[in-house]
There are 2 protein chains.
Amino acid sequence: MPRNEQALRDVVEQSAAVLTGAGFPKMPARVLMALMVSDEGGLTAHELAERLGVSAAAISGAVRYLQTVGIVRRLAQSGSRRDRYELPEDTWYAAMTSQSPIYGVLAGLAESAVTAIDDPSSAAGARVDEMARFYRFLDARLPELMAEWEALRNSG
Amino acid sequence: MPRNEQALRDVVEQSAAVLTGAGFPKMPARVLMALMVSDEGGLTAHELAERLGVSAAAISGAVRYLQTVGIVRRLAQSGSRRDRYELPEDTWYAAMTSQSPIYGVLAGLAESAVTAIDDPSSAAGARVDEMARFYRFLDARLPELMAEWEALRNSG
DNA sequence: CGCTCTGTTCACAAAGTTGTGAATTGAATT
DNA sequence: AATTCAATTCACAACTTTGTGAACAGAGCG
């Protein structure tokens, strides 16, 4: 029974809902998941609009977002004037996790809070210092975790 | 120069903005950061409302959210009828990262997509299978990463 | 050179969020 | 039991977000 399309549509919508719950914008999430389960190497804006039941304008906005965060690649097709959107072969998940410098930024902010408090023995000083070290830890370890995944992926 | 209050207010707002950008709701983020930099062991709803310049109702909604996700603890005070809200000594950052089963859920959804596609050799089958394995990887490794942090925190 | 098809942009409308003020509930103190 | 203060809840208003339809721009083909 190849390609249970109904089940795939459900997966697309449910996964998009989970991502949305995690703060990811809705339409980009739907487009991302539609691309994930597409059998072709990519979909055109028209196909995306059709499958998701939304307007071309909505697709335009969503793919622009996805491009800026590096999750989607736009590819002109020879033979058709429709562009194709596809997921980078092996980097989209990296983009979804370690792409943003958010942990480093939070670490930096916490470090300036430590300076502003200027009393390491106080409860606030200790608390904020721990926050700073925690985000520095994440900032350092997450790239390593992604490297670990890369290695695992390439081996087995 | 102990406690540069203006700088701390800035850190609170900027950190809250970063968290908000990452999908965290705004008022809970502001309350969280206000508690982070508070010198006392916790703040009352009234104090929070005062420092953030918002109504008691807004605080009520924010702390309810923070409680449900385990980031904040409510503590009745003897001597006053005002409750105090404080951050768990050592678990709030864990709650912020590994708290939700989101990665496991996404892995499960991707796995059902693999089933629905039912053709491991197809592009879509391979792509979705990789998504499934990636989120399983995160689901397994993130708790380990948190354990690593715990160990680091307790040692040095 | 103009036609057609693709994608973008703009103003607007629909929908959902978020915080407020007022009323209500609840608990502690007298 | 009554009073008083804290916290919650509710309806509403302000704001933001999100997607639509229509106009626009631009590339390639005839």
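Just so we're on the same page: letters track the sequence lines, and every chain starts at 1.
Classification of R51(B) and E13(B) as a salt-bridged pair fails, no side-chain N sitting under 4.0 Å from a carboxylate O. A salt bridge is defined here as a Lys NZ or Arg NE, NH1 or NH2 lying under 4.0 Å from an Asp or Glu carboxylate O, and E150(B) with R153(B) meets this definition. Between R136(A) and E111(A), at least one side-chain N (NZ, or NE/NH1/NH2) sits under 4.0 Å from a carboxylate O, which counts as a salt bridge.
Computed from coordinates, the M27(B) CE to dT16(D) C1' distance equals 15 Å when rounded to whole Å. The distance from atom CZ of F24(B) to atom P of dT17(C) is 17 Å, rounded to the nearest whole Å. In this structure, OH of Y65(A) is placed 20 Å from C1' of dT9(C), rounded to the nearest angstrom. A straight line from CD of Q77(B) to P of dT29(C) spans 13 Å, rounded to a whole angstrom. Atom CZ in R30(B) sits about 14 Å away from atom P in dT18(C), given to the nearest Å.
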Filtered N/O pairs between nucleotides 6-9 of chain D and protein, under 3.5 Å:
{"unit_1": "dA6(D)", "atom_1": "OP1", "unit_2": "R82(B)", "atom_2": "NE", "d": "2.8"}
{"unit_1": "dA6(D)", "atom_1": "OP1", "unit_2": "R82(B)", "atom_2": "NH2", "d": "2.8"}
{"unit_1": "dA7(D)", "atom_1": "OP1", "unit_2": "D83(B)", "atom_2": "N", "d": "2.6"}
{"unit_1": "dA7(D)", "atom_1": "O3'", "unit_2": "R74(B)", "atom_2": "NH2", "d": "3.2"}
{"unit_1": "dT8(D)", "atom_1": "OP1", "unit_2": "R74(B)", "atom_2": "NH1", "d": "3.2"}
{"unit_1": "dT8(D)", "atom_1": "OP1", "unit_2": "R74(B)", "atom_2": "NH2", "d": "2.4"}
{"unit_1": "dT8(D)", "atom_1": "OP2", "unit_2": "S60(B)", "atom_2": "OG", "d": "3.0"}
{"unit_1": "dT8(D)", "atom_1": "O5'", "unit_2": "S60(B)", "atom_2": "OG", "d": "3.4"}

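Proximity note for S55(B) (side chain, C-beta onward) versus dG19(D), dT20(C), dG19(C): the nearest is dT20(C).
Exactly one residue among M146(B), E148(B), R141(B) makes a side-chain contact (heavy atoms from CB on, under 4.5 Å) with E144(B). That residue is R141(B).
Distance check: Y103(B) OH to D139(B) CG gives 10.0 Å after rounding to the nearest 0.5 Å.
L75(A) and V31(A) fall into different hydrophobic clusters, where Ile, Leu, Val, Met, Phe, Trp and Tyr side chains are chained together by heavy-atom contacts under 4.5 Å.
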